[in-house]
Every structure is written in structure tokens, then in C-alpha cells.
Trainee: 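Structure in C-alpha cells, see below.
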Amino acid sequence: MMEGASGGNDVELVCKTLQFEHKLFYFDLKENPRGRYLKISEKTSAARSTIIVPLNGIVWFVDIFTYYVNTDERNAFSKELNLDTKVFYFDIGENKRGRFLKISEASVGRNRSTIIVPAGSLGEEGWAAFRNILLEINDEASRLFIVPNQQHMETSEHLQGLSDNVGAGFISGHSAQSVAWSDMNLDRLVELPPQGEIGSLGLSKVIRADQKRFSLTWEATTGVIS
DNA sequence: GCGGCCA
């Protein structure tokens, strides 16, 4: 209980914020003797809720957000992401204010914690902005910890996580090893460069460029947006 | 000027 629970001694490596509509999201990449994790907090007027994502889960969050950005509302399914000992649930909801993505973290012996990310009034620009922050963090993290063979080491740890039965394109756990990640991206994300590996190269730039002139069709490159 | 989440 003493160690790792409160995170009081944890080192902050990267801190970012995203303000969207009436919410403020904090992204804090932290490190403690147990490992590295991303703390994502959502602060509303009074309330604040937080989820803790293991470092190796960021790429999955990026991928899942991309899925919801690119998938038509009618075809968007709920998703589950298993990471280490916790499970993240992704669900689409809607009310008068608009659509939102609910992310719930369930872990043993702890209360379920949830954050809600608005889709935005234009389409999914809120989710896209959220995803871009995750990309930036992943990018900076890969620069911080110069892992020699990150993309060649056994990725079974990563790939065990995504047990997902709905929607097209997601692998189910134990399929291939390092091949599956790039296959999945090439399958699902048309805008990704063939190199595949998220967090390296110019991927974040490509997507960040779309942020300001976001269009509902997303893949449209006309640039005619008023 | 938001407001979701149902523990």
C-alpha cells in the first residue's frame, strides 16, 4: 500500500494539458520504481477523475482513439483493453451536449475510475486532439528512454492486451508478435505511413497538421474548410 | 455555459 499507490515520490517526466470545451485534461508521464505510467486526469468545474495507463498502453490508446475518430458513429463498437492487471473499457455515449467517449479503468481492489472525452461539435476533433497529445507523449517518451531494440524485442507483453471481439481490424491477443502491430495499423489507419511504428518518425506531425483544419471526412485532403 | 459516468 505504501509504495506505488499514492505516487507522491513519482518523478514527472512529461506533462501536458489539453483544454477542450469545458474540460481540462492533464497528461502526466511519471516514473517510479515500479515502472512508468501515464496519468490522465479530467478536471471539470469541481470534479476530477484519473486513470492510470501503463507506458506500454499508450500506443493502444492511440490506436483505439484513432479507431473512434475514423469509424462512423453507427459502426463504432465498444472496446476493451487489457493491460497488466487492469482493464480499460471504451464506450460511446451521447446526450444533449453531444457525443462522448467514456473510458473506464477497472482494476482489482480499486474503485472503477472513468474519464469522459467529448467528441466535439465538428465531428471527432476532441478525440483527435486527445489522440494527438497521446502521440506527442509517446513520441517524447521514446526519445527519453532510448530503448535500443524497442520494436524488435518481444512484444508479447503488449499484444496480450487487446482482447476485443467487436469491430473490424483489431487482433485478438495471441496472434502474431511484432508483425501484428504494423499489420493492424496498415489495416485500419489509412493515413499512416507504411513504416508503421507509432511514436517514431514524422507520424505525429502528419496528424497534428490535421488538427487545425479538421474536416468531418478526415481523409479528405481538399483543404477547403471554412 | 455546459455535461455525461450510476459506483
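Predicted, not measured: the structure shown is a model, and the values here were computed from it. In the text below, chain A, chain B and the rest are named by the order of the sequence lines, each starting its count at 1.
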Trainee: Could you check A:Leu29, A:Leu13, A:Leu38 and say which one makes a side chain to side chain contact (heavy atoms under 4.5 Å, CB included) with A:Leu55?
Mentor: A:Leu29

Trainee: Below 4.0 angstrom, which residues in residues 89-98 of chain A have at least one non-hydrogen atom near DNA chain B?
Mentor: A:Asn95, A:Arg97, A:Gly98

Trainee: To the nearest Å, how far apart are A:Lys43 NZ and B:dG3 C1'?
Mentor: 15 Å

Trainee: Whole angstroms only, please: what is the CZ-C1' distance between A:Arg112 and B:dA7?
Mentor: 7 Å

Trainee: Report the C-alpha separation of A:Phe130 and A:Tyr68 in whole Å, then their side-chain angles, then the decisive distance to 0.1 Å, and conclude whether the ring pair (Phe, Tyr, Trp, His ring centres under 6.0 Å) test is met.
Mentor: CA-CA 12 Å; A:Phe130 197 98; A:Tyr68 285 115; over 10 Å; no

Trainee: Measure CD1/A:Ile103 against C1'/B:dG4 and give the value in whole Å, please.
Mentor: 13 Å

Trainee: Under 4.0 Å: is that the gap between some side-chain N or O of A:Arg99 and OP1 or OP2 of B:dG4?
Mentor: no

Trainee: Just the rounded figure in Å: distance from P of B:dG3 to CZ of A:Phe25.
Mentor: 15 Å

Trainee: Whole angstroms only, please: what is the CD-P distance between A:Glu21 and B:dC2?
Mentor: 12 Å

Trainee: Taking the nucleotide of DNA chain B with the closest heavy atom to each, which residue, A:Asn111 or A:Lys23, is nearer the 5' end?
Mentor: A:Lys23

Trainee: Between A:Phe20 and A:Leu122, is there a shared hydrophobic cluster once you connect ILVMFWY residues whose side-chain heavy atoms come closer than 4.5 Å?
Mentor: no

Trainee: Measure the spacing between CG of A:Leu135 and OG1 of A:Thr66 and express it to the nearest 0.5 Å.
Mentor: 6.5 Å

Trainee: Where do A:Glu21 and A:Gly120 come nearest, in terms of heavy atoms and distance?
Mentor: OE2-CA, 3.6 Å

Trainee: Please work out whether the ring planes of A:Phe65 and A:Phe90 are parallel, tilted or perpendicular, with thresholds of 30° and 60°.
Mentor: perpendicular

Trainee: In this structure, how many angstroms lie between the P atom of B:dG4 and the CZ atom of A:Phe20, rounded?
Mentor: 17 Å

Trainee: Whole angstrom is fine here: how far is it from CD1 in A:Ile115 over to P in B:dC6?
Mentor: 14 Å

